Amino acid sequence: MTRSQSAPESATNRTDRLRTLMTQAGISSFRELSRRAAVSQWQVRQVRTGPLSALRWGVLCQLSQALNLSPSQLVAALEREQHPVAPPPSQPELGDRESLKQEYQRLQLQLSQQSNRLSQEFQRESLERLESFLRFWYTAAAKVEQNPQLPAKNLLPLIRPLEQLLKDWGLIPIGEVDAIVPYNPQQHQLKQGTANPGDRVRISHRGYYHGDRLLWRAQVDPLPNPLQPGQP
């Protein structure tokens, strides 16, 4: 079989492998995978048919998150189908254990190198997006230390690139600082005292979701019930 004949088969295998991962994550279609991962359908198609090395690290992270995997686990799961290590049953002479061991070690090294390269690309891409923050933040902080009377609000625009980057990574805040909200134990963590679900609480520190996954609950302080006698 020629290389050109084997390429469609490899794409089919990777598509099947991706479907298996989607099923395990409760995702029923490539369109839904695109939506959950916040990537384009073209990028999903690239995962199925193109070289993984052509994908940006950020895209790979978003897809792996949607599939409840780490990026390295996703790469390993997809690449395994493209580099079968088991010989066909009809060719037992290819089942030499030493050859299989060497092939396994080669694939492990290849995956490790690919993961490292994608990680480095991700870091470079992130640093480029944070250029203005890295250039000006510490200079501004030094000026504030020299003159504490400088208004702190002038510093806020400097952290917007960082906020945008975190937003693009799928970080979703829970509430705003000082907001008064109904207590929800699934999203809020009491700093002190007690509260029942629905009681008023004040958010002191934000919590965060990463996509659908809860990272940290928001820290809250309970507030007095205004309907109780003697309460303000």
Side-chain angles (χ1 to χ4, degrees), residues 1-126 165 167-172 209-215:
M1 180 179 296
T2 66
R3 178 169 300 181
S4 60
Q5 288 172 319
S6 62
E9 182 181 359
S10 298
T12 300
N13 288 341
R14 191 189 288 174
T15 296
D16 291 342
R17 190 65 179 170
L18 183 59
R19 280 201 178 99
T20 300
L21 297 176
M22 290 163 52
T23 300
Q24 293 170 352
I27 299 174
S28 59
S29 67
F30 295 120
R31 183 186 296 274
E32 183 180 355
L33 174 62
S34 169
R35 183 183 59 78
R36 284 201 191 184
V39 302
S40 68
Q41 294 186 46
W42 180 86
Q43 288 167 323
V44 172
R45 190 160 54 250
Q46 279 295 103
V47 172
R48 297 166 50 196
T49 61
L52 292 181
S53 58
L55 286 175
R56 291 188 306 165
W57 176 255
V59 172
L60 194 62
C61 288
Q62 290 169 255
L63 287 167
S64 61
Q65 178 190 337
L67 294 167
N68 299 322
L69 297 170
S70 69
S72 59
Q73 287 174 325
L74 176 58
V75 171
L78 295 175
E79 288 288 348
R80 189 162 54 243
E81 288 298 298
Q82 286 203 317
H83 302 283
V85 297
S90 60
Q91 298 177 327
E93 67 276 10
L94 298 179
D96 178 76
R97 291 186 178 181
E98 186 59 31
S99 297
L100 289 176
K101 181 179 178 181
Q102 292 176 0
E103 177 65 4
Y104 174 77
Q105 292 173 339
R106 186 188 69 79
L107 288 173
Q108 287 292 97
L109 178 61
Q110 182 180 4
L111 288 173
S112 176
Q113 291 173 339
Q114 186 175 38
S115 178
N116 289 337
R117 183 176 57 76
L118 291 172
S119 178
Q120 291 173 359
E121 289 178 359
F122 169 70
Q123 292 174 11
R124 272 198 304 273
E125 180 183 332
S126 300
L165 181 63
K167 181 179 179 182
D168 292 346
W169 286 353
L171 201 67
I172 303 171
Y209 283 100
H210 188 204
D212 296 334
R213 184 178 306 169
L214 176 65
L215 293 181

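Remember, predicted model here, so these are calculated numbers, not experimental data. Reckoned from all heavy atoms, side chains included, excluding hydrogens, waters and symmetry mates.
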Side chain to side chain contact (heavy atoms under 4.5 Å, CB included) between Leu165 and Leu171, intermediate numbers included: CA-CA 9 Å; Leu165 181 63; Leu171 201 67; over 6 Å; no
Working to the nearest 0.5 angstrom, can you tell me the gap between Ile172 CD1 and Arg213 CZ? 12.5 Å
Just by modelled atom types, is the Trp169 backbone N or O under 3.5 Å from a matching donor or acceptor in the His210 side chain? yes
Sorted by chain and residue number, the side-chain hydrogen bond (donor to acceptor under 3.5 Å, both in side chains) partners of Thr20 (sequence neighbours excluded) come out as none
Does the Ser64 side chain pair with the main chain of Leu74, one donor and one acceptor, at a distance under 3.5 Å? no
Show the numbers, then the answer: is there a side chain to side chain contact (heavy atoms under 4.5 Å, CB included) between Leu78 and Leu21? CA-CA 9 Å; Leu78 295 175; Leu21 297 176; 4.3 Å; yes
Using side chain to side chain contact (heavy atoms under 4.5 Å, CB included) as the criterion, point out the one residue from Arg45, Arg48, Gln41 that pairs with Phe30. Arg48
So, does Ser119 use its side chain to make a donor-acceptor pair with the main chain of Ser115 at under 3.5 Å? no
Start with the C-alpha distance between Ser34 and Trp42, add both sets of side-chain angles, then the distance that settles side chain to side chain contact (heavy atoms under 4.5 Å, CB included), and finish with yes or no. CA-CA 9 Å; Ser34 169; Trp42 180 86; over 6 Å; no
Measuring from Gln113:CD to Leu118:CG, what's the distance to the nearest 0.5 Å? 12.0 Å
Distance-only, no hydrogens or angles: does the Gln43 side chain make a donor-acceptor pair with backbone N or O of Ser40 under 3.5 Å? yes
How many angstroms lie between CD in Glu121 and CD in Glu125, if you round to the nearest 0.5 Å? 9.0 Å
